[in-house]
2 protein chains.
Amino acid sequence: MSHACGHDHDHVHTLDSGRIDARLSEARRLCEAQGERMTAPRLRTLELILSENAPVKAYDVIDRFHPDGAAKPPTVYRALAFLEQMGLIHRIESLNAFVACQGHADGKAVQPHAAAFLLCDCCGSSEEVAVSLPEIDQQASASGFETRRVTLEARGLCKACR
Amino acid sequence: MSHACGHDHDHVHTLDSGRIDARLSEARRLCEAQGERMTAPRLRTLELILSENAPVKAYDVIDRFHPDGAAKPPTVYRALAFLEQMGLIHRIESLNAFVACQGHADGKAVQPHAAAFLLCDCCGSSEEVAVSLPEIDQQASASGFETRRVTLEARGLCKACR
DNA sequence: ACTGTTTATGTTATTACATAACAGATACCG
DNA sequence: CGGTATCTGTTATGTAATAACATAAACAGT
Ligand SMILES: [Zn+2]
Ligand SMILES: [Zn+2]
Ligand SMILES: [Zn+2]
Ligand SMILES: [Zn+2]
């Protein structure tokens with residue numbers, strides 16, 4: 001984690017392993033409840049993303065996948081696609097990275113959903129926030145546009161890094 | 001332009017060359033007014049993006065840059081960065097592509113600005129819409145987050161492709 | 001015009017990100 | 001158990017973006 005901003009990034013806290021295990025179990029339940037399989041590579045990919053608790057690059061997952069040596073890219077990209085479909089992770093377009101969905105943090109199952117993100121350019125932290133988008137919905141309606149997915153990402157500085 | 005959607009994409013209209021020339025002249029004026037140079041590679045890059053009138057991949061610009069043979073990537077990526085800074089084009093994160101700013105279409109000079117986009121997954125068309133984002137601004141404030149740039153992209157089907 | 005300084009471009013090479021294609025294994029269902 | 005669908009392993013390739021350094025053009029002051 002390189003930075004030249006004159007302050008530390010201790011405020012980017014990680015999840016303890018108990019909390020991660022809980023999230024993984026819950027993810028397995030959620031998949032099985034929908035007739036989907038939570039396989040080893042999917043679980044491992046989710047584990048690595050949860051461990052970071054911030055947006056992670058696909059190739060970071062690839063590099064850390066095995067204790068010794070990297071995974072093959074398709075293994076991880078397929079797992080990422082699956083986890084995203086299940087609503088367990090989100091892709092951050094402006095970072096080419098993936099982050100665990102915060103909608104599950106409190107133990108509730110959450111269907112795949114659009115989310116907005118506050119992304120710190122200094123410490124790399126991410127906060128998922130729920131927003132409605134009346135204006136763009138209205139603009140879309142006015143244009144006869146049928147919206148399927150919305151990407152909303154705010155880049156800037158978090159409270160601790162300002 | 002490949003598609004298997006059962007309808008044509010004639011509704012994706014291009015700009016005629018007179019209109020493109022006008023936009024290029026205006027871009028030059030806008031740069032010079034700010035003490036920036038509108039050089040040949042920058043102008044050529046903008047021309048290619050205006051010609052498409054829809055989001056264009058960087059490597060499409062690279063391939064078409066010279067009548068015979070491609071440009072080198074840094075040439076085009078540097079031009080793209082410049083044009084984006086000048087507010088003449090926007091980067092579409094979810095497509096890894098660039099589109100001309102529509103704020104200049106009516107002859108007005110427009111400062112660099114955030115914009116939202118309606119992006120058709122079928123015909124590839126793009127519509128730039130102006131929106132304010134009270135909810136995310138509010139969420140950011142509540143979190144002590146200082147927003148610098150916002151990406152807002154709606155993917156779906158345009159009126160003609162629904 | 002001369003000269004130092006800044007800004008932009010040319011060029012080579014490399015790094016980062018993502019998917020196609022197909023073979024093999026595993027789960028699931030009747 | 002056999003057939004089918006789903007998932008994984010593997011190789012190779014395709015696509016997107018930048019690092020690093022050399023060259024050239026513009027600019028400002030003399
Ligand atoms: Zn979420
Ligand atoms: Zn921060
Ligand atoms: Zn614009
Ligand atoms: Zn369309």
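No experiment lies behind these values; they were computed from the predicted model shown. Hydrogens, waters and symmetry mates play no part in the numbers below; they use all other heavy atoms, side chains included. Each chain gets a letter, A, B and so on, in the order its sequence line appears, and its residues count up from 1.
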Compare the minimum distances between each of D:dA17, D:dT18, D:dT6 and the side chain of B:Ala58, then state the nucleotide with the smallest one. D:dA17

Could you say whether A:Pro74 or A:Arg37 is positioned toward the 5' end of DNA chain C, judged by the nucleotide with the nearest heavy atom to each? A:Pro74

Side-chain N or O of B:Thr39 versus OP1/OP2 of D:dA25: is the shortest distance under 4.0 Å? no

Among A:Asp21, A:Val61, A:Leu24, find the one that has a side chain to side chain contact (heavy atoms under 4.5 Å, CB included) with A:Glu47. A:Leu24

Can you measure A:Met38 atom CE to D:dT8 atom P for me and round it to whole angstrom units? 10 Å

Interatomic distance, B:Asp63 CG vs D:dA17 C1' [rounded to whole Å]: 15 Å

Check this one for me: any side-chain N or O of A:Lys72 less than 4.0 Å away from OP1 or OP2 of D:dT8? no

At under 4.0 Å between heavy atoms, what does B:Arg78 touch on the DNA or RNA strands: base, sugar-phosphate, or nothing? base

Taken to the nearest whole Å, OH/A:Tyr77 to C1'/D:dT15 is 11 Å

Could you work out how much the helix from C:dA1-D:dT30 to C:dG30-D:dC1 bends, comparing the axis of its first five pairs with that of its last five, to 10°? 40°

With a 4.0 angstrom cut-off to heavy atoms of chain A, pull out the first and last contacting nucleotide of DNA chain C, in 5'-to-3' order. C:dC17 to C:dA27

Can you measure B:Ile92 atom CD1 to D:dA16 atom C1' for me and round it to whole angstrom units? 16 Å

Rounded to whole Å, how long is the line connecting atom CD1 of A:Ile62 with atom P of D:dT10? 14 Å

Rounded to whole Å, the CG-P distance (A:Asn96 to D:dT15) equals 16 Å

Find the distance A:Glu36:CD to D:dA5:P and express it as a whole number of Å. 16 Å

